[in-house]
S.K.: 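If you scroll down you'll find the structure; I have some questions about it.
Note that ligands are numbered from 1 as they come in the structure, with each ligand's atoms numbered from 1 the same way.
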Amino acid sequence: MAFIWIKHLLVCLSLLSVFFDLSHATSSSITTPKKRNYEKYHYYIIEVIDDSFATPKDVEQLLGVQYEGQVGVLDNYHIFSFQKNLAARSDSESEETHDRVLARYEQLKNLRRSNSSSKKRSMQIIDSILSVDKQVLRKRHKRAPPPIPSPKNETGLVTIADSLGIADPGFEYQWHLLNPIEHNDINVTGVWEEGITGKGVYAAIVDDGLDATSDDLAGNFFAEGSYDFNDAVPIPLPRLSDDTHGTRCAGEIAAVKNDVCGIGVAPDAKIAGIRILSGQISDADEAEALNYAYQKNQIYSCSWGPPDDGQSTEAPKGVILQAIIKGIKEGRGGKGSIFVFASGNGGAVDDNCNFDGYTNSIYTVTVGAVDRTHSHPYYAEKCSALLISTYSSGSGSYIYTTDVGKQSCTNMHGGTSAAAPIATGVFSLVLQIRPDLSWRDLQYLTMISAVPFNLNEKEWIRNYAGRLYSHKWGYGKLDAYRIVQNAKTHKNLGSQVYIEMPIIVLNTPIPFTDSGIVSSVNVTQIDLDNANFSRLEHITVTINIDHTRRGDIEVDLISPYGTVSHLGATRRYDEYKGGLTNWTFMSVIHWGESPIGEWFIQVRDRQNPEHSGIFKNWMLKLWGEIVTPTSPPSSPSPVIESPSPVIESPVLPALPTQSGIASESRSSTWIFAIFGMGAAFIFAGIAYFAKRRFWDKRGGRSFFSRETYEFSALQSGDVTSGADVSIPLNKQFMTSKELFDAFGDSSGDEDDEIDNESYAASGSNNDDNQ
Ligand SMILES: *[C@@H]1O[C@H](CO)[C@@H](O)[C@H](O)[C@H]1NC(C)=O
Ligand SMILES: *[C@@H]1O[C@H](CO)[C@@H](O)[C@H](O)[C@H]1NC(C)=O
Ligand SMILES: *[C@@H]1O[C@H](CO)[C@@H](O)[C@H](O)[C@H]1NC(C)=O
Ligand SMILES: *[C@@H]1O[C@H](CO)[C@@H](O)[C@H](O)[C@H]1NC(C)=O
Ligand SMILES: *[C@@H]1O[C@H](CO)[C@@H](O)[C@H](O)[C@H]1NC(C)=O
Ligand SMILES: *[C@@H]1O[C@H](CO)[C@@H](O)[C@H](O)[C@H]1NC(C)=O
């Protein structure tokens, strides 16, 4: 007994000690993933219903498996193991094909079906189980710089560095930050001059490791948010010879200000590494990775995905999809984890980011690539889910960034892999000044702040909200200065709502003609009212098409005002014979358009007469913002005629300057400390008892019962049609020296405690969701 009390006291003390490290008020919440041994065991994810009365013991006994724990933060998903029959090696194939656990589960389910009235406990346990998913190891694919087919020297850019006499490519080489030659850069220096450098922001690089020993990264490395899922160790160091990708991406985001390899976009942001790409992982690992430390890590930078081979059509499902949704609903204190995904490098083989369920998701920001000359890199994938583009390799130029090694740099980083981290860096700058932005606020700001360019290209279309969009570039290129200025005055969007239109069933053969099949659905004001729907954001279309060659299918969505989203484009290498089954396409193109009226879908088949298909059915789903008392009526938005954004000098709010925040906060340090201590005691108590309850559940009664999660409505507020801030296009010439000096002013270390406090404040309102 005494022992137990001492143990409890120690637990309590250790919880309390957390609060003396004010910066990370919830550090006890990150559970280190349990090491799995895929060689010796089969693993199964078992999904149970809410408030299931089944216990892990019940499941263990029923299926003969061993409980391993919950899958990350997903309450309804649990992982169980079953020892492989290693002795009977020759027999292992039969074990693979005839899985004993799955067979037993099927057997029990059949038993249940044959007697649905049975009150036997085992039968009720079977009722509690929604699915048993055997874990298969898969490798996720890096969107690393694809090999350049031939050094074309289209523009002579290869030689620019030489002509400048940059023998030791250093700071000057980071043209994506400051480009005095073509002036094509992310326009970030003005943001740094305002003291906005990513302080207090935590970005995780989900990749092949992060060299925390690099002089460029050590200072910003955030160990607590990091984990190595490939080797099951805490620090995700690169270990394989080609584990350079994550380190390079990390350098782009937050290389510290020093003279090693230039500087990151957000040089004061903290960076965590989550290593998953250096080997095979299971869906459970990926799910845990995408939620890892999700109250601390705010942005997950993902430069990977399904293969970019022009023939894959793969979407996160099951536990991975649940992890993404969990991150969106509960991550970052309920404001939503920011998932940034590279659009993909399959451009040369006609791949399209609408056939990748990660980039195609409404929950991710999809980032495409533009090269130094504003050409479209041959590798960069297009699609209607593409939100924004930013700089990467092409036309002989690359991204210069940190490499693996204490002081190593590379001037060969590229692919859409290199674009996504730049966006992550820019979002880190935005979140420094607006940690309250929801995941949708950030997408909205990205859209309204994008700068359209190469305006003579035919791909640009104007949607009915008056914005230019290109399937090649999204809404344009990312401009750090514009998005930060817009963020200052942005009013948070209301919660998300959606309208699911009825499924339209056709089952009609697709004629081999230019017009194909057109089908439509009418959205009315009543549909909007029923859903309390005010402003349209994303559109998803779930479609079923049988076809003997998937690569031939073309799918367009046409809005009531004539805006066309190319949902599905032809892919010349996609020979798949099964068509599209329940595939969900996404478009960001109609954001801000009025949803009322007739929406058309056009399915065409014009490639190979010997192949044919049947358009079975489709369903339109509109996602948008809830009606709030102040939201504007959902009437058609006016068309803005001029392609250039409305010129409006941003009225900057009375946002305290960095130094202002600093002095104010220093004077109140004691109040914070006293308040913090009080809160710490209360919280420690709660956390302690919550933890005890967890153990109680785990040992016995209602382990699976899920605490009801109140979907915390996102910040409600006035809905304004965020006026675009226009920045004149001729940018001031600034030398690297000036750049360095400008940055140097604002990089003092003395602000650290303030940032920690504001970080803790922003992340603290979700503590009890752990
Ligand atoms: C079904 O289960 C009930 C309760 O366990 C039992 O009484 C009944 O005999 C079973 N029926 C059949 C057909 O097995
Ligand atoms: C690249 O092109 C430029 C301009 O056309 C030319 O001056 C230069 O010699 C070329 N460089 C190489 C390596 O071919
Ligand atoms: C870039 O930002 C600066 C502010 O530092 C602004 O004055 C300039 O016009 C911006 N350039 C572009 C091209 O928008
Ligand atoms: C939608 O409404 C238009 C105009 O009222 C009508 O012509 C059309 O047939 C309707 N379409 C559907 C699918 O109901
Ligand atoms: C719409 O709003 C009303 C009033 O706030 C509410 O009663 C109703 O449940 C809401 N409907 C939906 C579908 O959210
Ligand atoms: C398609 O999705 C719906 C809803 O998610 C589901 O009910 C249906 O079974 C799925 N169909 C197929 C063929 O997977």
S.K.: Distance alone, cut at 3.5 Å: any donor-acceptor contact between the side chains of E252 and H176?
M.R.: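 Short answer, no.
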
S.K.: Give the single entry among I504, V521, N522 that approaches atom 14 (O) of ligand 4 most closely by any heavy atom.
M.R.: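 Checking each option, the heavy atom nearest atom 14 (O) of ligand 4 is found in N522.
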
S.K.: Are W591 and Y469 close enough that their ring centers fall under 6.0 Å?
M.R.: no

S.K.: Could you tell me whether V627 approaches ligand 5 through its side chain, its backbone, both or neither, with non-hydrogen atoms closer than 4.0 Å?
M.R.: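 Neither; nothing of V627 gets under 4.0 Å from ligand 5.
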
S.K.: Hey, can you tell me if Y444 and H490 have their rings parallel, tilted or perpendicular (30° and 60° cut-offs)?
M.R.: tilted

S.K.: May I ask you to decide if the ring planes of Y400 and Y173 are parallel, tilted or perpendicular, using 30° and 60° as cut-offs?
M.R.: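 Because their plane-to-plane angle is over 60°, the rings of Y400 and Y173 count as perpendicular.
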
S.K.: If the cut-off is 4.0 Å to any non-hydrogen atom of G190, which atoms of ligand 3 fall inside it?
M.R.: 5 (O)

S.K.: Any atoms of ligand 5 less than 4.0 Å from a non-hydrogen atom of N532? List them with their elements.
M.R.: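 Within the 4.0 Å cut-off of N532, ligand 5 contributes 1 (C), 2 (O), 3 (C), 8 (C), 10 (C), 11 (N), 12 (C), 14 (O).
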
S.K.: Could you see which bit of D479 sits under 4.0 Å from ligand 3, with heavy atoms only: side chain, backbone, both or neither?
M.R.: side chain

S.K.: So which heavy atom in the protein is nearest atom 9 (O) of ligand 4, and how far is it from that ligand atom?
M.R.: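 Here the closest protein heavy atom is E598 OE2, 4.4 Å.
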
S.K.: Parallel, tilted or perpendicular: which fits the ring planes of W460 and F453, with parallel below 30° and perpendicular above 60°?
M.R.: perpendicular

S.K.: Can S520 and E598 be counted as having a side-chain donor-acceptor contact under 3.5 angstrom?
M.R.: yes

S.K.: Could you check S470 against E457 for side chain to side chain donor-acceptor pair (under 3.5 Å), going step by step and ending with a plain yes or no?
M.R.: CA-CA 9 Å; S470 160; E457 287 173 355; 5.0 Å; no

S.K.: Just go through V188, T189, N187 and tell me whose heavy atom is the nearest to atom 3 (C) of ligand 3.
M.R.: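 Comparing heavy atoms across V188, T189, N187, the nearest one to atom 3 (C) of ligand 3 lies in N187.
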
S.K.: Relative to the heavy atoms of N530, which atoms of ligand 5 are at a distance of less than 4.0 Å?
M.R.: 13 (C)

S.K.: Check for me whether V497 has a heavy atom closer than 4.0 Å to any atom of ligand 5.
M.R.: no

S.K.: Determine, counting only non-hydrogen atoms of the protein, whether one lies under 4.0 angstrom from atom 7 (O) of ligand 5.
M.R.: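 No, no protein heavy atom sits under 4.0 Å from atom 7 (O) of ligand 5.
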
